[in-house]
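For ligands, and for the atoms within them, numbers begin at 1 and follow the listed sequence. Numbering of residues begins at 1 and proceeds along the displayed sequence.
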Amino acid sequence: MRRADVAIIGGAIVGSATAYFVKQLAPASNVVVIEPDSTYEFASTLRASGGARRQFSCPENIEMSNFSLPFIASADETLAVDGEPAHVEWHADGYLFIVGDADVAALRANHGVQRAHGVAAEWLDRDALRARFPSMNLDGITVGVHTPEDGWCDPNGLLQGLRRKARALGAEYVAERVIGIDHDARLARSIRLASGEVIGAGHIVNAAGAWAKQISAMVGMPLPIEPLRRFEHYFETPNPIEPLPYVKDTARLAFRPEGRGYSGGLVDSDETRGYNFDVDHDYFERVVWPALAHRFPAFEACRCRRTWSGLYEQNELDGNPVIGRWTGRMENFLVVAGFSGHGMMHAPAAGRAIAELIVRGRYETLDLTRLGYRRIVENSPYRERGIL
Ligand SMILES: Cc1cc2nc3c(=O)[nH]c(=O)nc-3n(C[C@H](O)[C@H](O)[C@H](O)COP(=O)(O)OP(=O)(O)OC[C@H]3O[C@@H](n4cnc5c(N)ncnc54)[C@H](O)[C@@H]3O)c2cc1C
């Protein structure tokens, strides 16, 4: 039987970041990544909009961004292989959260936490918003927070960069599907692949995104992570608008400039959970366009050019990821999933955290204990209160 020190299930952005950091910390380790689809057709990573921000309420999320965003910004060089750079296309064009009266206190509290964690977060009252973003209709908006050092990138560029670099450092990608995990009461032993092959492993990492619940079920570990379909749209308007950051409001409207137009959407949290990739071509006209045209009248004349669907790996307990070992039960089985819409931007920090747990036996740079599985067992949510 083939043996690996670390077997990672799921080789998209989170699995590849984990493989990269394990090889960084332990170059001699034998790392195997099991990923059935090298085209990543249904992976959330390829369907993401690429936003990366520090505007969160939980210190862990802010600190994950404090590490991940500079990592992404310099990834073209860091992830270069034989002088060939990665192509991450980082745009440091900022984020803007806007809220009405009801959410001012929450935004103020979050802003305070962000500032305490070194984030360049600017508090903008209505006059400042009007001066900075003259195209915006301020009806119902009281204040905003602008984080000019946030931005967005090409998620596929980051994934391919991490994957290529992990392979260059010696990680092996196996184009197979995991169908079972052999284990006893205390340890996960080996991974069974659809081909019939069995790979023994010292550590097994579940990085299967919206499929993570199925993987954990193979060792009897319940995970409250469900697939939540979300649409993303590319749209254009003939009307001029000043350069915009990534704009988000409390109704979950979120969009940013992309090429000659804009990319964005409006998440429906009540969407039925499931592996549904069907596209509702009326959704933009019915839901997104009215919200856009209300907030920026220049979008009244906008045209939706393309709509696609993708899955959030939604943690139904609290919207935060589950990161870490199955402490007290199966210590060599780790989960890094459930990012609920933030997995692209937090993949570098989460991958580094898992690598530290495996290689060093503890968190060294950033303590993510509060995002561990214990809160799931205790049914004790640790909620993110930033706009999701
Ligand atoms: C429309 C949309 C917009 C988004 N926008 C953003 C954004 O702006 N910023 C942000 O940070 N995040 C965003 N996200 C969320 C982000 O895409 C995810 O959090 C992130 O991609 C999760 O990465 P992952 O590697 O965990 O999962 P995935 O990319 O889904 O990868 C999981 C992998 O596991 C593999 N797998 C599944 N089953 C098995 C098995 N049995 N054996 C082996 N492998 C298996 C799959 O093939 C897949 O490649 C968005 C998501 C969507 C849908």
Side-chain angles (χ1 to χ4, degrees), residues 7-19 32-53 56 61 64-65 68-69 72 95 150-156 158-159 162-163 173-181 191-194 199 204-218 225 227-234 246 248 252 254-256 258 263-267 271 275 277 279 307-315 319 321-323 335-351 354 388:
I8 299 167
I9 304 173
I13 204 152
V14 172
S16 295
T18 304
V32 168
V33 182
I34 320 291
E35 172 51 59
D37 179 13
S38 62
T39 72
Y40 297 102
E41 183 180 2
F42 295 107
S44 304
T45 300
L46 256 64
R47 293 158 184 262
S49 98
R53 58 171 157 110
F56 288 97
N61 285 331
M64 281 202 282
S65 296
S68 292
L69 272 61
I72 295 169
Y95 255 76
D150 293 352
W152 53 88
C153 71
D154 171 16
N156 188 38
L158 182 58
L159 161 60
L162 285 164
R163 178 182 160 119
Y173 279 67
V174 176
E176 271 288 348
R177 181 171 298 282
V178 173
I179 58 162
I181 299 173
I191 284 176
R192 273 184 282 126
L193 306 181
I199 301 178
I204 295 176
V205 181
N206 177 359
W211 296 266
K213 183 178 177 174
Q214 299 165 13
I215 300 298
S216 279
M218 293 175 187
I225 296 174
L228 166 65
R229 181 179 60 164
R230 200 212 117 157
F231 299 121
E232 182 80 9
H233 318 271
Y234 173 74
Y246 205 130
K248 281 177 81 89
R252 299 192 85 177
F255 70 98
R256 63 168 176 82
E258 169 67 39
S263 181
L266 198 159
V267 181
E271 170 74 26
Y275 297 99
F277 289 91
V279 171
T307 296
W308 63 98
S309 63
L311 299 177
Y312 271 11
E313 66 288 23
Q314 186 70 22
N315 181 351
V322 178
I323 300 177
V335 176
V336 54
F339 290 87
S340 312
H342 313 131
M344 189 223 74
M345 69 181 92
H346 285 156
I354 293 290
L388 296 176

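Proximity annotation for atom 37 (C) of ligand 1: of Phe339, Tyr246, Trp211, Trp211 comes nearest, heavy atoms only. Of the candidates Ser44, Ala12, Gly10, it is Ser44 that places a heavy atom closest to atom 17 (O) of ligand 1. Among Glu35, Glu41, Gln214, the residue whose heavy atom lies nearest to atom 47 (O) of ligand 1 is Glu35.
Taking 4.0 Å as the cut-off, Asp37 does not count as a neighbour of ligand 1 on heavy-atom distance. Residue contacts with ligand 1 include Pro36, since one or more of its heavy atoms lies under 4.0 Å from the ligand.
Neither the backbone nor the side chain of His346 has a heavy atom within less than 4.0 Å of ligand 1. Heavy atoms of Leu311 found under 4.0 angstrom from ligand 1 belong exclusively to the backbone. Neither the backbone nor the side chain of Phe42 has any atom closer than 4.0 Å to an atom of ligand 1 (non-hydrogen atoms only).
Taking every non-hydrogen atom of Gly51 and a distance limit under 4.0 Å, the qualifying atoms of ligand 1 come out as 7 (C), 8 (O), 9 (N), 10 (C), 11 (O). Within ligand 1, counting atoms from 1 as listed, the ones closer than 4.0 Å to a heavy atom of Tyr40 are 49 (O). Every atom of ligand 1 with a heavy atom of Met344 under 4.0 Å away is listed here by number and element: 10 (C), 11 (O), 12 (N), 16 (C), 19 (O), 20 (C). Within ligand 1, the atoms closer than 4.0 Å to a non-hydrogen atom of Gly343 are 11 (O), 12 (N), 18 (C), 19 (O), 20 (C), numbered from 1 in the order shown. The distance from ligand 1 to the heavy atoms of Met345 drops below 4.0 Å at these ligand atoms: 9 (N), 10 (C), 11 (O). Against a heavy-atom cut-off of under 4.0 Å, Gly50 is close to the following atoms of ligand 1: 7 (C), 8 (O). Interface atoms of ligand 1 facing Ile34, defined by a heavy-atom separation under 4.0 Å, are 43 (C), 44 (N). When each atom of ligand 1 is checked for a heavy atom of His342 under 4.0 Å away, the hits are 10 (C), 11 (O), 12 (N).
Judged purely by atom type and a 3.5 angstrom limit, Ser16 uses its side chain to pair as donor or acceptor with the backbone of Gly11. Using modelled atom types, no side-chain atom of Thr39 and backbone atom of Asp37 make a donor-acceptor pair closer than 3.5 Å. Side-chain atoms of Ser309 do not come within 3.5 Å of backbone N or O of Val279 as any donor-acceptor pair.
Summarising the geometry, atom CD1 belonging to Ile9 is positioned 5.0 Å from atom CD1 belonging to Ile215; distances are rounded to the nearest 0.5 Å. Rounded to the nearest 0.5 Å, atoms CG (Leu266) and CD (Glu232) are 11.0 Å apart. Here the CZ atom belonging to Phe255 is positioned 12.5 Å from the NE2 atom belonging to His233, to the nearest 0.5 angstrom. Here the OG-CZ distance, from Ser49 to Arg230, works out to 6.0 Å after rounding to the nearest 0.5 Å. From Ile204, atom CD1 reaches atom CD1 of Ile34 across 9.0 Å, with rounding to the nearest 0.5 Å. To the nearest 0.5 angstrom, Glu35 atom CD is 11.5 Å from Ile8 atom CD1.
Smallest separation of non-hydrogen atoms from Pro155 and Ala48: CG-O, 3.6 Å. Smallest separation of non-hydrogen atoms from Trp308 and Arg47: NE1-O, 3.1 Å. The two residues Tyr246 and Gly51 have their closest heavy-atom pair at CE1-CA, 3.6 Å. Closest approach of Ile13 to Gly343, counting heavy atoms only: CG2-O, 4.0 Å. Of all heavy-atom pairs between Asn206 and Ala337, the closest is O-CB, 4.4 Å. In this structure, His346 and Ser65 approach most closely via the heavy-atom pair NE2-OG, 2.8 Å.
Looking only at heavy atoms of the protein, atom 2 (C) of ligand 1 is closest to Arg47 O, 3.4 Å. In terms of protein heavy-atom proximity, atom 27 (O) of ligand 1 is closest to Gly209 CA, 3.6 Å. What sits closest to atom 5 (N) of ligand 1 on the protein, heavy atoms only, is Ser49 N, 3.1 Å. Among all non-hydrogen protein atoms, the one lying nearest atom 39 (C) of ligand 1 is Arg177 NH1, 3.9 Å. Distance from atom 12 (N) of ligand 1 to its nearest protein heavy atom, with residue and atom name: Gly341 O, 3.0 Å. The protein non-hydrogen atom at the shortest distance from atom 29 (O) of ligand 1 is Thr45 OG1, 2.6 Å. The protein atom (non-hydrogen) at minimum distance from atom 51 (C) of ligand 1 is Tyr312 CE1, 3.4 Å.
In this structure, Arg229 fails the cation-pi test against Phe231, since its NZ or CZ atom is not both closer than 6.0 Å to the six-membered ring centre and inside 45 degrees of the ring normal.
In terms of polar-atom proximity, defined here as any N/O pair under 3.5 Å, Val14 does make such a contact with ligand 1. On a distance-only criterion, Glu313 and ligand 1 share at least one N/O pair closer than 3.5 Å. For a threshold of 3.5 Å applied to N or O pairs, the pair formed by Ile215 and ligand 1 contains no separation below that value. Remark: ligand 1 and Ile13 share an N or O pair separated by less than 3.5 Å (distance only, no angle test). For ligand 1, the polar-atom distance check finds an N/O of Val178 within less than 3.5 Å of one of the ligand's N/O atoms. Geometrically, ligand 1 and Gly15 share no nitrogen or oxygen pair separated by less than 3.5 Å.
Between Glu176 and Pro36, every side-chain heavy-atom pair lies at or beyond the 4.5 Å cut-off.
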